[in-house]
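First the structure, in the form of structure tokens, and then the observations on it.
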Amino acid sequence: MRSRYKPWAVEYLKTNTKNEFFLNEDAIEEEKILNFIKGRDTYLEIGPGRGQFILSIAAKFPNYNFLVIELDKSIAGSTLKKIDDSGLTNVKLIAGDFYKLSKILKKDLFCGVFLNFSDPWPKKRHEKRRLTSPAFLVEYSKILKEGSCIYYKTDNDGFYEYSLEMFKEYKWKILYQNEDYDSAKEEFDAETEFETRYKNEGIKIKRLILENTKETLKEIVEKKEETN
Ligand SMILES: C[S@@+](CC[C@H](N)C(=O)[O-])C[C@H]1O[C@@H](n2cnc3c(N)ncnc32)[C@H](O)[C@@H]1O
């Protein structure tokens, strides 16, 4: 996500902590994170951008909790301010890298993971940064409860094909697949900033819902054993 660096937003992160959990080397608020997750059925969004999606869905579903993790500090600061201003108590933010978070999280925590318009990283040498590359699929399978889903949307054809291939290879069960998707027709969804932009440009949105099954986990364990 290309965005202008906003010093106020980075400062906001440091001084407004009501809806933020820390993931710094010296202050990983694991207990607080786990208490929030354990309180209610909780969904995780990785890379929320400025939070349009999460604020809409959290307002629609007040009985669920929503945790977002955003890598870019300036974007995270803007998002945190929006969360604070919304008055919603069921959304919390972590400013940091999901991969780092996944290493401290226990198994079977989330009821769903949202991957909305993740950066496609088209160059082969950047494959590891794609949020649907094998190392990430392993972490999702671990933190998601069995039978829970990844909710995936993208505008990008190459990234979509790659992701579909990876999900199939790691035996995620495809519950839903649509290459001309309209989130306005779905109850359990909301439009993201990028989605609004691409829809206005006439670009088709690709959507997948993938279930974490016993087979998924088995495949991941077997693949790990093969590479060791
Ligand atoms: C292309 S933007 C999409 C933003 C939003 N989801 C939307 O659809 O409008 C992708 C976002 O993911 C964030 N991101 C990328 N890798 C991440 C990671 N490993 N952990 C957390 N956030 C990440 C980026 O900083 C960026 O804000």
Side-chain angles (χ1 to χ4, degrees), residues 1-3 43-49 52-54 57 68-72 75 97-99 101-102 110 112-144 146-186 188-227:
M1 183 178 207
R2 231 180 302 137
S3 108
Y43 291 81
L44 174 73
E45 187 187 14
I46 304 167
Q52 176 178 305
F53 166 83
I54 213 70
I57 202 152
V68 297
I69 176 152
E70 172 52 59
L71 184 63
D72 183 295
I75 296 173
D97 184 345
F98 166 73
Y99 200 71
L101 174 71
S102 72
F110 294 99
V113 166
F114 296 110
L115 297 177
N116 290 322
F117 299 84
S118 310
D119 300 297
W121 294 108
K123 292 192 177 124
K124 182 74 187 154
R125 70 187 148 94
H126 291 144
E127 183 185 348
K128 281 189 174 161
R129 297 187 199 172
R130 296 178 199 154
L131 290 184
T132 52
S133 62
F136 283 102
L137 295 195
V138 170
E139 297 308 318
Y140 304 146
S141 173
K142 190 184 84 184
I143 61 170
L144 273 174
E146 193 186 312
S148 294
C149 295
I150 295 176
Y151 300 82
Y152 169 98
K153 288 190 277 189
T154 187
D155 59 296
N156 187 294
D157 290 332
F159 180 53
Y160 174 69
E161 277 153 29
Y162 170 84
S163 303
L164 193 54
E165 196 184 308
M166 288 299 123
F167 287 128
K168 283 182 182 165
E169 194 175 323
Y170 281 82
K171 303 272 189 287
W172 289 79
K173 186 174 170 192
I174 302 173
L175 296 186
Y176 181 90
Q177 180 172 8
N178 188 341
E179 275 119 47
D180 188 8
Y181 174 71
D182 181 2
S183 61
K185 294 183 184 154
E186 286 298 315
F188 193 59
D189 201 4
E191 218 167 275
T192 79
E193 283 102 328
F194 271 58
E195 191 168 0
T196 306
R197 189 194 300 173
Y198 292 129
K199 262 177 76 176
N200 291 341
E201 288 173 15
I203 297 171
K204 286 187 179 158
I205 307 303
K206 276 66 73 180
R207 162 77 149 180
L208 295 169
I209 301 178
L210 308 127
E211 188 186 332
N212 186 30
T213 67
K214 276 202 177 69
E215 280 300 301
T216 318
L217 207 55
K218 200 167 138 257
E219 188 67 19
I220 281 168
V221 171
E222 278 171 12
K223 282 220 165 29
K224 266 191 158 173
E225 279 168 2
E226 274 168 29
T227 49

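Positions are given from 1, in the same order as the sequence printed here. This is a predicted model, so every value here is computed, not measured.
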Review point. Does Thr154 reach the side chain of Ser163, with side-chain heavy atoms less than 4.5 Å apart?
Key: no
Exercise for review: Report yes or no: does Ser141 contribute a side-chain atom to a donor-acceptor pair with the main-chain N or O of Val138 at less than 3.5 Å?
Suggested key: no
Practice item. Measure up the Tyr140 and Trp172 rings against each other and bin them: parallel (under 30°), tilted (30 to 60°), perpendicular (over 60°). Key: perpendicular
**Study point:** Steps toward side chain to side chain contact (heavy atoms under 4.5 Å, CB included) verdict (Leu164, Leu208)
**Key:** CA-CA 8 Å; Leu164 193 54; Leu208 295 169; 3.8 Å; yes
Revision key, fill the gap. From the list Gln52, Lys153, Arg197, Lys199, side-chain hydrogen bond (donor to acceptor under 3.5 Å, both in side chains) with Glu191 holds only for Lys199
Practice item. Would you please say whether a donor-acceptor pair under 3.5 Å links the side chains of Asp189 and Tyr181? Key: yes
Check your understanding: side-chain hydrogen bond (donor to acceptor under 3.5 Å, both in side chains) with Lys206: which of Asp157, Asn156, Asp155?
Key -> Asp157
Practice item. Give the C-alpha distance, both sets of side-chain angles, the deciding distance and a yes or no for side chain to side chain contact (heavy atoms under 4.5 Å, CB included) between Phe167 and Ile174. Key: CA-CA 8 Å; Phe167 287 128; Ile174 302 173; 5.6 Å; no
Exercise for review: Using distance alone, with no hydrogens and no angle criterion, decide if Tyr198 and Asn200 have a side-chain donor and acceptor under 3.5 Å apart.
Suggested key: no
Review point. Going through the checks in order, is the side chain to side chain contact (heavy atoms under 4.5 Å, CB included) test met by Glu222 and Lys218?
Key: CA-CA 6 Å; Glu222 278 171 12; Lys218 200 167 138 257; 3.7 Å; yes
Exercise for review: Quick one: sort the Phe159 and Tyr152 rings into parallel, tilted or perpendicular, breaks at 30° and 60°.
Suggested key: tilted
Exercise for review: Decide whether Asn212 and Ser148 meet the rule of one side-chain donor and one side-chain acceptor closer than 3.5 Å.
Suggested key: no
Practice item. Find out whether the Lys NZ or Arg CZ of Arg130 is both under 6.0 angstrom from the six-membered ring centre of Trp121 and within 45° of the ring's axis. Key: no
Check your understanding: Between the main-chain N or O of Ser102 and the side-chain N or O of Lys142, is there a donor-acceptor pair closer than 3.5 Å?
Key -> yes
Practice item. For the pair Phe194 and Phe117, name the ring-plane relationship: parallel under 30°, tilted 30 to 60°, perpendicular over 60°. Key: tilted
**Study point:** Tyr43, Phe114, Tyr151 screened by ring pair (Phe, Tyr, Trp, His ring centres under 6.0 Å) with Phe53, the one that passes
**Key:** Phe114
Review point. Counting distance only, does the side-chain N/O of Glu201 pair as donor-acceptor with the main-chain N or O of Ile203 below 3.5 Å?
Key: no
Practice item. Decide whether Glu195 and Ser183 meet the rule of one side-chain donor and one side-chain acceptor closer than 3.5 Å. Key: yes
